[in-house]
2 protein chains.
Amino acid sequence: MTRPKFPIETIRRLPLYLRCFNRLIVLGKDTLTSKELAEFLEVNPGQIRKDFSYFGDFGTRGVGYDLRELVKEIRSILRMDRDWNIAIAGIGNIGNALLDHINFNQPGFRIVCAFDQDPSLVGTNVRGVNVHSLEEIEETLDGQTVPLGVLAVSDVDAREVAEKFVGGGVKGIINITPICLNMSEEIEIVHMDLSSELGRLVYQLEND
Amino acid sequence: MTRPKFPIETIRRLPLYLRCFNRLIVLGKDTLTSKELAEFLEVNPGQIRKDFSYFGDFGTRGVGYDLRELVKEIRSILRMDRDWNIAIAGIGNIGNALLDHINFNQPGFRIVCAFDQDPSLVGTNVRGVNVHSLEEIEETLDGQTVPLGVLAVSDVDAREVAEKFVGGGVKGIINITPICLNMSEEIEIVHMDLSSELGRLVYQLEND
DNA sequence: TTGTGTGAACTGATTCACAGCA
DNA sequence: TGCTGTGAATCAGTTCACACAA
């Protein structure tokens with residue numbers, strides 16, 4: 001890796017910036033100042049400049065940033081210059097919603113296979129994606145390159161399915177279950193937990 | 001507020017702890033050491049002790065923490081000693097999944113009304129919850145106490161619906177759309193954005 | 001002993017203020 | 001003059017190490 005390390009919080013903001021840029025480009029805008037973007041996103045303009053400064057010198061003093069250059073740079077930092085295959089396990093309510101959302105609203109990411117424990121789903125095709133049984137995870141993933149997995153199975157299956165993902169070559173997991181996975185060091189886990197967020201929201205309401 | 005302010009990151013961990021405790025209590029466990037919990041959740045035992053120390057003196061040196069006392073305390077900090085009514089807007093794929101998940105797997109939280117723009121859904125009842133049109137948000141919420149809203153509508157409607165939530169008395173919003181809301185100061189927003197998490201995951205994979 | 005409770009050191013992120021370039 | 005780029009100051013969270021209670 002020749003590129004310098006960015007703060008992880010900066011990385012998490014980049015997709016938000018990107019979406020904003022794309023909308024502005026469509027509207028015919030070419031350049032953008034940190035102040036403008038800060039107003040859109042309700043953040044501190046200094047933070048925006050600091051974030052962009054990690055890229056190198058992209059701005060022009062007195063003018064602002066070139067939108068198209070920013071887009072190009074961010075896409076390259078986020079490795080959106082290639083396609084990312086994703087496996088999903090659990091296509092109940094949430095799994096289905098995510099399958100749909102990722103394949104139709106997340107350019108650069110593509111769910112290529114799905115797994116579920118329900119025998120009536122196995123063998124079917126859900127919006128272009130074949131559904132296999134949970135037992136077939138490793139053999140199905142074995143031939144292809146699928147570095148990402150979305151874990152949306154029931155609580156009891158979570159740990160076992162996560163292990164199978166790893167056995168099939170998955171390196172990073174989006175964990176939608178409420179279970180805390182403890183996997184080996186080299187597997188990256190992102191835990192999206194609604195109860196954490198509800199808890200935080202209520203606490204913030206009650207404590208100004 | 002007489003209680004001291006807790007770090008927000010501690011608050012976000014409490015629901016995770018709570019779930020762990022409840023499972024252990026069912027298994028017949030009465031006390032727990034910071035080391036044991038740290039192994040379950042793969043975190044630093046010092047962090048657990050620090051988190052618990054904000055509560056006051058709950059542990060017994062040489063023994064550990066009383067599980068039931070911890071549960072009681074955390075439930076009180078998270079204000080789970082009362083019920084939290086929630087409104088949801090947008091009951092497409094994701095909205096439906098969340099409605100289900102909250103009403104059947106999130107004790108203490110209850111979705112009491114739903115809103116959607118699709119006329120064929122308005123007037124129906126989805127798993128016990130009546131669906132109204134987006135225009136009816138304010139009048140529907142007006143009579144009842146609904147401090148929380150889940151925003152799962154399409155991008156174009158996001159801002160307008162958020163404003164209607166606020167008009168109906170909502171104080172905190174879980175924003176599932178990719179749109180950055182900029183609301184007035186006193187409204188709390190939690191933005192759950194899949195693309196941020198996918199971006200972060202990919203970056204972590206590619207940068208060790 | 002054992003495991004809590006906590007000040008002190010550290011690490012990371014945000015904010016600020018201003019020098020410097022177009 | 002306007003807006004970037006950035007060091008310095010601040011703030012928040014985590015880790016460490018150890019005193020001390022059961």
Side-chain angles (χ1 to χ4, degrees), chain A residues 4-14 16-17 21 24 29-70 73-74 77 180 185 191 196 199-200 203-204 207-208, chain B residues 4-14 16-17 21 24 29-70 73-74 77 180 185 191 196 199-200 203-204 207-208:
Chain A
K5 278 250 186 331
F6 294 40
I8 196 68
E9 291 303 317
T10 298
I11 295 295
R12 276 162 52 95
R13 282 187 290 269
L14 296 188
L16 268 44
Y17 294 160
F21 298 160
L24 292 171
K29 219 161 160 32
D30 288 319
T31 54
L32 182 73
T33 67
S34 59
K35 190 158 163 288
E36 285 175 300
L37 184 58
E39 273 162 22
F40 275 116
L41 304 177
E42 284 212 322
V43 296
N44 183 313
Q47 173 162 92
I48 304 241
R49 289 202 299 280
K50 179 71 90 181
D51 281 348
F52 291 178
S53 75
Y54 295 117
F55 306 172
D57 280 23
F58 267 76
T60 311
R61 289 164 203 238
V63 179
Y65 299 90
D66 182 293
L67 272 172
R68 261 161 266 262
E69 277 192 69
L70 280 178
E73 184 64 12
I74 292 181
I77 293 162
C180 286
E185 286 290 297
H191 193 181
S196 286
R200 184 226 299 213
Y203 182 83
Q204 285 176 335
N207 299 269
D208 305 331
Chain B
K5 278 251 188 330
F6 294 55
I8 196 69
E9 291 303 316
T10 297
I11 293 295
R12 277 162 51 96
R13 283 188 289 270
L14 296 188
L16 269 45
Y17 294 160
F21 299 160
L24 291 171
K29 220 160 159 29
D30 288 318
T31 55
L32 181 74
T33 67
S34 59
K35 190 157 163 286
E36 285 175 299
L37 183 59
E39 273 163 19
F40 275 117
L41 303 177
E42 283 210 323
V43 297
N44 183 313
Q47 173 161 93
I48 305 244
R49 289 202 297 281
K50 181 71 91 180
D51 281 347
F52 290 178
S53 75
Y54 296 118
F55 306 172
D57 280 23
F58 267 76
T60 311
R61 291 168 201 233
V63 178
Y65 299 90
D66 183 293
L67 272 172
R68 260 161 266 262
E69 274 191 74
L70 280 177
E73 185 63 13
I74 293 181
I77 292 162
C180 286
E185 285 289 297
H191 193 182
S196 286
R200 183 225 302 212
Y203 182 82
Q204 286 178 334
N207 298 272
D208 304 332

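Labels below follow one simple rule: chain letters A, B, ... track the order of the sequence lines, proteins then strands, and each chain is numbered from 1. Being a predicted model, the structure only gives us computed values, none of them experimental.
Atom NZ in Lys5(B) sits about 12 Å away from atom P in dA12(D), given to the nearest Å. Here dT15(D) presents its C1' atom at 15 Å from CD of Glu9(B), a figure rounded to the nearest Å. Atoms CZ (Phe52(A)) and C1' (dT6(D)) sit 16 Å apart, rounded to a whole Å. Rounded to an integer number of Å, the gap from NZ of Lys50(A) to P of dT10(D) is 15 Å. Distance Gln47(A) CD to dG5(D) P: 16 Å, rounded to the nearest Å. As rounded to whole Å, 12 Å separates atom P of dT14(D) from atom CD1 of Ile8(B). Taking atom CG on Leu14(B) and atom P on dG13(D), their separation rounds to 13 Å, with Å as the unit. Rounded to whole Å, atom C1' of dG13(D) lies 13 Å from atom CZ of Arg12(B).
Looking at heavy-atom distances under 4.0 Å, Tyr65(A) makes contact with sugar-phosphate atoms alone, never a base. Residue Phe58(A) is in sugar-phosphate contact alone, with no base atom involved, counting any heavy-atom pair closer than 4.0 Å across all strands shown. Note on Ser34(A): only backbone sugar-phosphate atoms sit closer than 4.0 angstrom, heavy atoms only; bases stay farther off. Counting any heavy atom pair closer than 4.0 Å across all strands shown, Arg13(A) reaches sugar-phosphate atoms only and no base atom. In this structure, Lys35(A) reaches neither bases nor backbone, as no heavy-atom distance under 4.0 Å exists between it and the strands shown.
Minimum heavy-atom separation, Ser196(A) to Leu16(B): OG-CD1, 3.3 Å. Lys29(B) approaches Leu67(B) most closely through the heavy-atom pair O-CD1, 3.5 Å.
Closest-nucleotide positions on DNA chain C for Gly46(A) and Thr60(A) were compared, and the one nearer the 5' end corresponds to Gly46(A).
Contact check on Arg68(B) versus Glu73(B) returns no salt bridge, with no Lys/Arg side-chain nitrogen under 4.0 Å from an Asp/Glu carboxylate oxygen.
Among residues two or more places apart in sequence or in another chain, the ring pair (Phe, Tyr, Trp, His ring centres under 6.0 Å) test is passed with Phe21(B) by none.
The line from OG1 of Thr10(A) to OH of Tyr17(A) is 7.0 Å long, rounded to the nearest 0.5 Å.
The aromatic rings of Phe52(B) and Tyr65(B) sit perpendicular to each other, their planes meeting at more than 60°, with 30° as the lower class boundary.
Running 5' to 3' along DNA chain C, contacts with non-hydrogen atoms of chain B at under 4.0 Å begin and end at dT2(C) to dA8(C).
If you check the side chains of Ser34(A) and Arg49(A), you find a donor sitting under 3.5 Å from an acceptor.
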